[in-house]
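Accompanying notes for the structure given below.
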Amino acid sequence: MCGIVAYVGPKDAAPILLEGLQRLEYRGYDSAGVVVSSKGLKVRKVKGRVADLAKAVPARFKGTLGIGHTRWATHGVPSDENAHPHLSADERIAVVHNGIIENATELRAKLEADGVVFKSETDTETLAHMIARTVEETSSLEEAVRKALKSVVGTYGIAVIDAERPGEVVVARNGSPIVLGIGEKEMFAASDVAALVRYTRQVVHLEDGELAVLKADGFHTFASGGLETAKEPLTVDVEAGHYDTGGYEHYLLKEISEQPETVARTLRGRLDDRFHIAHLGGLNMDARATRSFRRVKIIGCGSAYYSGQIGAQLIEELARIPADAEPASEFRYRNPVVDPDTLYVAISQSGETYDTLAAVQELKRKGGRVIGIVNAVGSAIAREVDGGIYLHAGPEVSVASTKAFTSTAVAFALLALHFGRVHDLSPADGRRIVDGLAKLPDQIEEILKQGDRIRELARKYATHPSLMFVGRVRGYPVAREGAQKLKEISYIHAEAYPASELKHGPLALIGPEMPTVAVVPDDELLDKNLTTLGEIRTRGGNVLMIGHREPEAKLADDVIVVPKNEIELDPILLTIPLQLLAYHAAVALERDVDKPRNLAKSVTVE
Ligand code: AGP
């Protein structure tokens, strides 16, 4: 939610800031702005995309220090006025902010009572005024920022500049990420390494409560109390090219198409053919500890939660340990009972989803043991957990998650195999799963070859305003994820139901105007699922079936056949056609596929 970028060095700041903002646009894209410092502050901000901002920045927008922002609105509608940066009344201080100041109304009222006139409806503007009020009384911008932040309740990643100190940027973090980038006689900061890797691979992640002062020749970091902290730079293993579309029309299609390779990367070095086990060293758990817990509780948000539902079923089936998944956003608010015999698993592609992070922090505060399944290396959740599994799926840029979803399900299969083989899963069943996992990349490749046909089906089904998705047991999380993908990027209404529940209510919706996408694996529930298809067709409903073979009777109008794997692993493959269906439906409806309306990639607010 919102992207921040900052630069100080010998070069012209504006092109660097604009390029960085483009890389961060997935975080929010309703308005954007930049400010550079050169004998006073020069500001441009617009409602719209970074490309609109770039057009609004004149050629003579010079300055070797600056900050920029791309916004996902929370306080105040998307508009030029509400776009960041926000300036103090005397135009001395400029601030960009990611997060939410919860006591903004109270702070604003105090400032207004003192005669401050606000130009925007945002919570962020309060910060600019508060810093401006203290900067004259304090010896440094850093101190003024720290003083202002003491009054703030909420989350922030901020970057601040002062027209009177044109050689430094102050950044601070509490709940919203800030990464410093170390260059040759130049320094950068951003919400994500995506904005930095074109310039440097040497980065430093700020911790919550930390503040940093950046100058062209280096940086200093400080804990909230003001004591200097020692930070070791890390070298990030990502190249700028990983953030390009690689010749595809959209990031989403690129990321769907990458899945044979990304699944192979999640598996690499982790399958053991000798003992038919999974090597998961990052869990930091020996066999005794692995045997010691009695339940598994999985938490994540959105698609991460749905992949967690697949994970819970895998763990129950392969390890016979009771497991369930719950949205982290619900879990954290219901004062959960934290059980010492339960292993908690937090899932997040970005590693910075605020609800998931807050749930992890609550669990740890109560003494829970938490592991993570995370894609973004070094992210907040990855650093908070006791151990875990990295997906190694590479950067996921499109707002809709695809390759991270499949890699998470694969990581759960590895985890379930690991737990199972420590418990009662036989070597023969272990081998069956190891062999099944190894087959996945080629089978995904096979499904991707059906892209043209799925595009035709998407065009046909995208003419309907609403679609029902159904699945039973293993197929149900797949149906939920399919419905989520479709609504998220095509804006077609889609509802996912357990196939078994259809006749308890939603069957009333079925008719010629509402088709059903049915996930029908060839498992022990096949007959039950085919009965459901019959019930739908009897009510005049059209059916698009995703399964392993054409049904003998004419129970579906269209069928997408996917290769068969082991029944426990089939949900991973059944997901792929639904991703393509949503993608092609969104393209047919001319949607902004990679940046759907109202959404952002990393949800770093509550
Ligand atoms: C997926 O398509 C969505 N954009 C969304 O549900 C996402 O999965 C969710 O916000 C969780 O994100 P995370 O994996 O980065 O924590």
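We use all heavy atoms of the structure for the numbers below, so side chains are in, but hydrogens, waters and symmetry mates are not. Whatever order the structure lists them in is the order used to number ligands and atoms, beginning at 1.
Looking only at side-chain heavy atoms (C-beta outward), His250 and Val587 come within less than 4.5 Å of each other. Residues His75 and Ile100 meet the side-chain proximity criterion, which asks for heavy atoms closer than 4.5 Å. Asn98 places a side-chain heavy atom less than 4.5 Å from the side chain of Pro177.
Ranking protein heavy atoms by distance to atom 11 (C) of ligand 1, first place goes to Cys301 O, 3.2 Å. Nearest protein heavy-atom contact of atom 14 (O) of ligand 1 is Gln349 N, 2.7 Å. From the protein, the heavy atom lying nearest to atom 10 (O) of ligand 1 is Val603 CG2, 4.0 Å. From the protein, the heavy atom lying nearest to atom 12 (O) of ligand 1 is Thr353 OG1, 3.4 Å. Nearest non-hydrogen protein atom to atom 15 (O) of ligand 1 is Ser350 OG, 2.6 Å.
Residue-ligand proximity, Ser303 to ligand 1, at heavy-atom distances under 4.0 Å covers atoms 1 (C), 2 (O), 6 (O), 8 (O). Of all the atoms in ligand 1, the ones that sit under 4.0 Å from a non-hydrogen atom of Ala400 are 2 (O). Using a 4.0 Å cut-off to heavy atoms of Ser401, the atoms of ligand 1 that qualify are 1 (C), 2 (O). Proximity to Ala304 (heavy-atom distance under 4.0 Å) selects the following atoms of ligand 1: 8 (O), 14 (O).
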Pairs under 3.5 angstrom only: tabulate donor-acceptor contacts from the side chains of residues 368-379 to other protein residues two or more places apart or in another chain.
residue : atom : partner : partner atom : Å
Arg369  : NH2  : Asn284  : O            : 3.3
Asn375  : OD1  : Ala393  : N            : 3.1
Asn375  : ND2  : Gln349  : OE1          : 3.0
Asn375  : ND2  : Gly394  : O            : 2.9
Ser379  : OG   : Ala376  : O            : 2.7

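Here Glu488 has side-chain heavy atoms under 4.0 Å from ligand 1, and that is the only part of it that gets that close.
Between Gly302 and ligand 1, not a single N/O pair is under 3.5 Å apart.
For Tyr199, the OH atom sits in a packed shell: over 12 heavy atoms of surrounding residues, nucleotides or ligands are nearer than 6.0 Å.
With respect to Lys601 and Glu396, a salt bridge is recorded, a charged nitrogen being found less than 4.0 Å from a carboxylate O.
Using modelled atom types, no side-chain atom of Gln309 and backbone atom of Ala325 make a donor-acceptor pair closer than 3.5 Å.
Using a 4.0 Å heavy-atom cutoff, Lys485 is listed among the residues neighbouring ligand 1. The shell of residues lying under 4.0 angstrom from ligand 1, judged by heavy atoms, excludes Lys601. For Thr356, the closest heavy-atom approach to ligand 1 does not fall below 4.0 Å.
Taking the six-membered ring for Trp, Tyr305 and Phe331 have ring centres at least 6.0 Å apart.
By the side chain to side chain donor-acceptor pair (under 3.5 Å) test, Arg49 is found to be paired with Asp592, residues two or more places apart in sequence or in another chain being considered.
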